[in-house]
Amino acid sequence: MEQGFGSDPSGSTIDKTRVLDVKPLRCLSPVFPSASEMSSITTPQPSPFVCITPTGPFPSGVTPIFPFLSPDEPVRMGESSQQTPNQVPNQGTFGFGQPISPIPVNSFGNQTANGSSGHVNNVGDSGSGKKKGGPKKPRKVPPENVVEVDVEPLLNQLLMSFKLVDLDQAKKADGDKEVVRRILLVFDLFRRRMTQIDEPRYGAGSGRRPDLKASKMMMLKGMRTNQTKRIGNVPGIEVGDIFFFRMELCVVGLHAPTMSGIDYMSLKLTKDEEPLAVSIVSAGGYDDDGGDGDLLIYTGQGGVQRKDGQMFDQKLEKGNLALEKSVHRANDVRVIRGVKDVANPTGKIYIFDGLYKIQGSWEEKNKTGCNVFKYKLLRVPGQPEAFKVWKSIQQWRDGVVSRVGVILPDLTSGAESQAVCLVNDVDDEKGPAYFTYIPSLKYSKPFLTPRPSLGCQCIGGCQPDDTNCPCIQRNQCLLPYSSLGVLMTYKNLIHECGSACSCPPNCRNRMSQGGPKVRMEVFKTKNKGWGLRSWDPIRGGCFICEYAGEVRDIGYDRDDNYIFDATRIYEPLEAVHDYNDESRKVPFPLVISAKNGGNIARFMNHSCSPNVYWQLVVRESNNEAYYHIAFFATRHIPPLQELTFDYGMDKADHRRKKCLCGSFKCRGYFY
DNA sequence: GATGTCTCAAGATA
DNA sequence: CTATCTTGAGACAT
């Protein structure tokens, strides 16, 4: 909320009187509501406002629309659908509002089963006959009562929302930033949605490889880009971009093989062709040496029997041959470094570390005495840092090297479980204007609900397959969060567990209640005042923080630069305008000021192409409803990338400020 | 073209 | 926490 502050083109300067030195910032401890405010919470008085909950009832002339579209239909089939009163017909909800119809088991991904082929439309005939007539491989049979869900309509809706339905051949061959981003978004949203649908039906984690399912269906529809192999950078992908699945590398053409570490292409240079390496993945599968960040000693492929682990000599063929040829051609080779995902010990994160050149190769004996090929790669100079940033952060964390420019090690004074440091390595400003750090939203009085809502009895936390849990029922019978805390769908409203629930604070349905899960820092930006970023990588859909502050019941000071106003017009993520044009007019009357007190969210700057979005969350207990604004990552966010969200459009055309987000679709101003 | 083999996955299970 | 099992997509050889 600092953007534009002090950067007014009219020449006004920063008000130094409002900028305090380090010491007062130590006072940023949580301040709780005064006794009188407290009492209004415990004994609610008649609310002066009209009660409008996102699910209705709505005053006459008001349509429930974005971000308060109709509740999704229950997805689980074979169960009595819990129709909520006030349910309105489904409208477009970015591909997630459609009810899902059950089709017989095995029909997904196997077009020969039960004659249910044909629901994959738009498919080239290249792969459709592959399994024709062949004997079916024995498959692990899903539990008896599991009904396979036809997820294709979900993908179709997503593709429509993100304008990918008629992706032309040129874009499939060579992408750009926009196409790459949309494809990744659809892939991840689709994958997350399938994870959510599968989990209660197959058990935790599902084991159904939703990543493979998602990529398969997208590839069948030709929804991929940069399919032409190329040497060097890939359009739309920047050095430092991160990925959470090998399939993501595949659908955007950064690294085509699904498992293999070496991607190569054949190139006609003279009269005959020769294979050249274009991309490698170093992810710990072999005994590579990661070097100091600019150097990489890469091991060739092969030499080990996958089934029994038996070793033999590597051969100079396939990827190894391509790498050998590339030594002599001295072509650029993309390097993707795989690292362990701290937030998910079984998972990996893939960092695009830019272009390298192979300096040389040799053969050596490994521990078992077999010959392996080694390739020495050196990073091409002049590229933005990527993997090196990760190494630096690790050193800060380990305390080996201290972070430059730290003003305060923890500006929350312990109010959050993770420390948030205050950093300025661009100028001598000592800190933001004084405020009180409060980790959550302060209500003077809650919204009232028309009927009392029941708390759950889930002693060990709400479980995805518990159909009796009232909190899960309120979320259309699907837990909104994955086991990793990733939001699985875009919804009008998320019902989290409230104070009347028996579940513990670490319940999966209380994701927005525990404060930030990643290591944050508030830092001085070059031209936008203070900003917020994370030391940790953030997966798309991850909870970031809520917007803490004081709920404003009666208007607010227009000079308040720390307002969150849900009554503004917000674009429904990056989905197209016309798709939900009707749907973005009725706002929710929640206005928060973080001027005097707030959390890290008050430092998030505006961007017209943001990497964070907000989502309305409600925690109910009895007749009280507490609405909160929770922020989630729109996409995978690499460490130290600034976190931004769209401040929305103000209906009254006042106090617009010049936008400095630098996005190619910048509106030029913000409110 | 069907089939087999290989590959720096990703989950589930033990 | 790691070891191992399981199911795999796509590239290439047979």
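Base pairing in DNA chain C gives the following stems of 3 or more Watson-Crick or G-U pairs, range against range and under 3.5 Å: B:2-7 with C:9-14, B:9-14 with C:2-7.
Enclosure of atom NZ in A:Lys340 is not indicated, since only 12 or fewer non-hydrogen atoms of other residues, nucleotides or ligands lie within 6.0 angstrom.
Residue pairs satisfying the ring pair (Phe, Tyr, Trp, His ring centres under 6.0 Å) criterion with at least one member in residues 241-263 of chain A, sequence neighbours excluded, are listed as follows: A:Phe244-A:His636. Pairs passing the ring pair (Phe, Tyr, Trp, His ring centres under 6.0 Å) check and including a residue from residues 353-398 of chain A, sequence neighbours excluded, read A:Trp396-A:Trp535.
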Can you check salt bridge (charged side-chain N to carboxylate O under 4.0 Å, His left out) on A:Arg519 and A:Asp536, steps first, answer last? CA-CA 6 Å; A:Arg519 187 81 155 78; A:Asp536 297 310; over 6 Å; no
Atom pairs under 3.5 Å, N or O on each side, protein against nucleotides 12-14 of chain C: can you list them with distances?
none

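The ring pair (Phe, Tyr, Trp, His ring centres under 6.0 Å) check on A:Phe187 picks up nothing, with sequence neighbours excluded.
Remark: A:Lys348, A:Tyr350 in residues 347-360 of chain A come within less than 4.0 Å of DNA chain B through at least one heavy atom.
No N or O donor and acceptor, one from the side chain of A:Arg246 and one from the base of B:dA10, sit under 3.5 Å apart.
Position along DNA chain B of the nearest nucleotide to A:Met247 versus A:Ser260 favours A:Ser260 as the more 5'-ward residue. In terms of position on DNA chain B, the residue among A:Thr346 and A:Val304 whose nearest nucleotide sits closer to the 5' end is A:Val304.
Nucleic acid contact class of A:Ser215 (heavy atoms, under 4.0 Å, all strands): none. Among the heavy atoms of the strands lying under 4.0 Å from A:Asp211 are primed sugar atoms or P, OP1, OP2 only; no base atom is included.
Taking atom CG of A:Leu249 as the reference point, atom P of B:dC8 lies 14 Å away to the nearest angstrom.
Checking side-chain atoms of A:Gln314 against main-chain N and O of A:Gly300 turns up a donor-acceptor pair under 3.5 Å.
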